[in-house]
*Asks:* 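This is the structure, below, for whatever I ask next.
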Amino acid sequence: MEDTQSVATLIGSTTSKIQQLQKAFTELESHRAITLNLKWKELEEHFHGLEKSLKRRFHELEDQEKEFETKTQKAREMLQKREAAVVAKEQASLVRLQEKRDAAVFAITNALEKHRKVSSEESADVSCDGDGSELCFEEKPPDSVASESNSEDFKSSFENGNFEVKSYPQLVILCEGMDSEGLHKFISDNRKNLAALKEEIPWALKAAASPACLVLESLEGFYLSDVPNVDGKKDSNLLGLRRTCIMLMECLSFLLSSLDMVSVSALISEDIKEQAKLIAKEWKPKLDALDMDASNGNSLEAHAFLQLLATFGIASDFNEEELLRLIPMVSRRRQTADLCRSLGLSEKMPGVIEVLVNNGRQIDAVNMAFAFDLTEQFSPVPLLKSYLKEARKASSPVKHGNASTSAQIEVSERELTALKAVIKCIDEHNLEERYPVDPLQKRLLLLEKAKADKKRATEAAKPQPKRPRASGAGHGPRITNVAADKMFFPRVTDNRYLQYVYDRPYVYPGPPDNQGPSLLGSATYNFSPSHGNYFGNGYQYQAPYLH
């Protein structure tokens with residue numbers, strides 16, 4: 001500011017300087033001996049022109065300075081507003097977090113109180129041996145859920161030898177008798193309450209003479225060698241058996257995680273490991289024929305093989321590169337992240353994520369990146385945008401108008417399902433600020449409306465069946481053959497293994513180039529609120545198995 005004032009003062013003094021110069025010039029003319037060619041008027045015009053030019057430039061600089069100060073002030077005000085908004089959001093997040101913590105503490109406290117009351121009632125009704133080594137249980141309805149004690153109480157109860165099976169005492173009997181076939185059947189018969197079963201199976205396994213042997217025996221029949229032509233992806237009984245095998249290995253893993261190293265070594269002896277290696281070597285050649293794209297990240301066979309290695313601690317006996325090849329085959333399953341950690345593959349995850357991205361499975365890649373803290377290397381928002389871009393690119397041929405109505409619905413369904421998967425992923429990982437969902441929601445509603453309109457138009461175009469006249473002429477009363485009607489619907493003799501709720505993959509459409517429409521049109525369903533809380537950490541995408 002001082003420099004500006006000094007410059008303005010100097011510019012203002014130019015007039016007096018010009019007057020002084022005029023006097024000097026007049027005095028010079030009075031003493032000259034010859035006539036000068038240069039006239040004073042020319043000099044005066046020249047200096048006045050310089051003065052005007054200098055003042056104009058000075059005023060321009062002043063205007064630019066004021067404009068710069070105005071912009072700087074606006075930027076500071078905007079920055080202050082943004083800082084205030086960030087602080088407000090932080091405070092709101094802290095308040096919500098505190099509310100969730102208080103609710104969780106309250107729920108845990110209530111659960112512990114209920115557990116103490118139940119324990120006190122049982123001590124009055126059920127007699128146990130004084131050393132506490134015998135199992136104590138009481139009869140309860142099969143639909144009751146015993147899931148109120150948390151994992152820390154669970155582990156401490158194991159260590160103290162004070163464990164019990166309250167809802168399903170039959171589990172203890174089956175485990176004590178080492179009856180793997182009966183255990184499979186019991187789980188199948190109670191498939192509607194698998195959440196409660198999963199919480200009690202680890203307790204029951206400890207009653208077995210050898211829990212590891214019991215679980216290994218339960219793996220028989222995972223591959224039906226006597227029925228080679230059975231399609232494992234369509235046979236419901238085989239699917240249910242395989243899911244039960246995986247669940248039993250997970251339960252054994254949880255049992256082992258609650259014990260010390262000495263107890264684990266006693267349960268998983270070298271002989272047990274050798275038996276597990278033989279099974280794994282028998283399964284391995286059958287996995288070589290699996291294609292990563294065909295399995296679409298939801299392979300039960302690959303999951304069971306990796307779970308077998310993780311549960312019995314034999315991963316070091318197999319080639320690491322071959323294990324990494326199997327990870328994309330199970331990338332949609334919620335246990336994948338824990339499996340990778342148990343197998344010691346955490347350092348190799350960047351390569352696995354690269355494979356998923358290159359195969360058009362960006363949502364799998366985003367889930368894995370969050371699970372292993374690799375979001376800086378694999379930014380989730382660009383991955384989700386590229387996933388939607390590929391889905392829309394697959395939908396573009398419909399715009400030419402040459403496709404049939406069914407084809408148009410099919411292609412629109414691809415983009416519709418892709419939008420739902422992206423919105424779900426954004427919600428799961430709290431990406432709303434980085435990737436707003438409002439435009440996606442609007443596009444979703446637009447596609448759903450177009451789908452409903454096409455469906456109504458298709459139904460309206462169908463020919464309607466003619467109805468008989470109501471005169472009654474020529475029409476007698478309808479006689480229904482009850483026996484024939486009953487025989488028309490044969491009774492299913494054995495359908496024990498149906499949809500299991502304990503092993504959900506993350507369903508969303510895969511890459512358009514290497515997947516059919518049946519996957520893309522898959523519906524989703526909600527999780528059971530009583531789902532067990534100690535298997536996997538994962539991204540719980542709500543979706544059924546694909547058969």
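Note that these values count all heavy atoms, side chains included, but never hydrogens, waters or copies made by symmetry. Nothing fancy with the numbering, it's 1 onward along the sequence.
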*Asks:* Please confirm whether the backbone N or O of R361 pairs with a side-chain atom of N359, one donor and one acceptor, at under 3.5 Å?
*Replies:*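 It does not hold such a pair.
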
*Asks:* Does E376 CD have over 12 foreign heavy atoms under 6.0 Å away?
*Replies:*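 Not buried by this count: 12 neighbours or fewer within 6.0 Å.
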
*Asks:* Taking 4.0 angstrom as the limit, do E51 and K55 come out as a salt bridge?
*Replies:*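 Salt bridge present between E51 and K55.
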
*Asks:* Quick one: do E428 and K424 satisfy salt bridge (Lys or Arg N to Asp or Glu O under 4.0 Å)? Show the steps, please.
*Replies:* CA-CA 6 Å; E428 289 288 334; K424 178 68 176 177; 3.1 Å; yes

*Asks:* Would you say the side chain of R392 lies within less than 4.5 Å of the side chain of L419, judging by non-hydrogen atoms?
*Replies:*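 L419 vs R392: side chains touch.
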
*Asks:* Taking all non-hydrogen atoms of both residues, which atom of M249 and which atom of A304 are closest, and how far apart?
*Replies:*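 Closest pair (atom of M249, atom of A304, distance): CE-O, 3.5 Å.
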
*Asks:* Show your reasoning for whether side-chain contact (heavy atoms from CB on, under 4.5 Å) applies to K451 and K454.
*Replies:* CA-CA 5 Å; K451 177 183 174 182; K454 289 178 182 178; 5.9 Å; no

*Asks:* For L171, is there any backbone N or O sitting under 3.5 Å from a side-chain donor or acceptor partner on E200?
*Replies:*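 Such a contact is absent between E200 side chain and L171 backbone.
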
*Asks:* Does any part of the side chain of Q362, heavy atoms only, come nearer than 4.5 Å to the side chain of L384, both counted from C-beta?
*Replies:*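 No, too far: nothing below the 4.5 Å cut-off.
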
*Asks:* With a 4.5 Å limit on heavy-atom distance, are the side chains of R82 and M78 in contact?
*Replies:*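 R82 vs M78: side chains touch.
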
*Asks:* Show the nearest heavy-atom pair for residues F318 and A280, with the distance to one decimal.
*Replies:*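 For F318 and A280, the tightest heavy-atom pair comes out as CZ-CB, 3.5 Å.
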
*Asks:* Is there a donor-acceptor contact under 3.5 Å from the side chain of S379 to the main chain of P382?
*Replies:*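 No; judged by distance alone, with no hydrogens or angles, the pair does not exist.
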
*Asks:* OG1 of T72 to NZ of K74: how many Å apart, nearest 0.5 Å?
*Replies:*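 Here the interatomic distance stands at 11.0 Å.
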
*Asks:* What I want to find out is whether R57 reaches E60 closely enough, with some N-O distance under 4.0 Å, to be called a salt bridge.
*Replies:*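 A salt bridge is present here (some side-chain N lies under 4.0 Å from a carboxylate O).
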
*Asks:* Sub-3.5 Å donor-acceptor pair from the side chain of R191 to the main-chain atoms of S188, do we have one?
*Replies:*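 Between the backbone of S188 and the side chain of R191 there is a qualifying donor-acceptor contact (under 3.5 Å).
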
*Asks:* Can a donor-acceptor pair be found, under 3.5 Å and without considering hydrogens, that links the side chain of N319 to the backbone of E322?
*Replies:*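 Yes.
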
*Asks:* Between D63 and K66 (salt bridge meaning N to carboxylate O under 4.0 Å), is one present in this structure?
*Replies:*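 No, D63 and K66 are not salt-bridged.
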
*Asks:* So H429 and F370, would you call those rings parallel, tilted or perpendicular, with 30° and 60° as cut-offs?
*Replies:*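 Parallel, since the angle between the ring planes stays under 30°.
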
*Asks:* May I ask you to check whether S253 and T311 show a side-chain donor-acceptor distance below 3.5 Å?
*Replies:*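 Yes, because at least one side-chain N or O of S253 sits under 3.5 Å from a partner of the opposite role on T311.
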
*Asks:* Quick one: pull up NZ in K449 and CG in L444 and give me the separation to the nearest 0.5 Å.
*Replies:*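 Atom-to-atom, K449:NZ and L444:CG are 14.0 Å apart.
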
*Asks:* For the backbone of L255 and the side chain of S258, can you confirm whether one donor and one acceptor N or O come within less than 3.5 Å of each other?
*Replies:*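 Here the side-chain-to-backbone pair exists.
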
*Asks:* Are I353 and F372 packed together at the side-chain level, in the sense that at least one heavy-atom pair is separated by less than 4.5 angstrom?
*Replies:*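 I353 does not reach F372 side chain to side chain.
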
*Asks:* To the nearest 0.5 Å, how far apart are CE in M368 and OG1 in T336?
*Replies:*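 It is 6.0 Å, given to the nearest 0.5 Å.
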
*Asks:* What pair of heavy atoms forms the shortest contact from L267 to P211, and how long is it?
*Replies:*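 Residues L267 and P211, closest heavy atoms: CD2-CD, 3.7 Å.
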
*Asks:* Enter the distance from E390:CD to K393:NZ here, rounded to the nearest 0.5 Å.
*Replies:*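 So the gap between those two atoms works out to 6.5 Å.
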
*Asks:* Testing the basics here: between P439 and P436, what is the closest heavy-atom pair and its distance to 0.1 Å?
*Replies:*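 Nearest heavy atoms, P439 then P436: CD-O, 3.7 Å.
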
*Asks:* Working to the nearest 0.5 angstrom, can you tell me the gap between E432 CD and D427 CG?
*Replies:*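 Reported to 0.5 Å precision, the distance equals 5.5 Å.
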
*Asks:* Kindly compute the distance separating CD1 (I201) from CD (E250), expressed to the nearest 0.5 Å.
*Replies:*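 CD of E250 is found 10.5 Å from CD1 of I201.
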
*Asks:* For residues R456 and D453, determine if any side-chain heavy atom of one lies less than 4.5 Å from a side-chain heavy atom of the other.
*Replies:*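 Side-chain contact under 4.5 Å: yes.
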
*Asks:* Just checking, any donor-acceptor pair under 3.5 angstrom between side chains of Q307 and Q335?
*Replies:*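 No, no side-chain donor-acceptor contact under 3.5 Å.
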
*Asks:* Salt bridge between K81 and E77, side-chain N to carboxylate O under 4.0 Å?
*Replies:*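 No salt bridge links K81 with E77.
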
*Asks:* At their closest point, which heavy atom of A310 faces which heavy atom of L343, and how far apart are they?
*Replies:*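 Nearest heavy atoms, A310 then L343: N-CD2, 3.8 Å.
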
*Asks:* So L323 and F305, do their side chains get closer than 4.5 Å, heavy atoms only?
*Replies:*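 SC-SC contact between F305 and L323 confirmed.
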
*Asks:* Write down the atom of K198, the atom of C251, and the distance for their closest heavy-atom approach.
*Replies:*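 For K198 and C251, the tightest heavy-atom pair comes out as O-SG, 4.0 Å.
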
*Asks:* Using atom types as modelled and distance alone, determine if a side-chain donor or acceptor of N367 lies under 3.5 Å from a backbone N or O of I363.
*Replies:*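 Confirmed, N367 side chain pairs with I363 backbone.
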
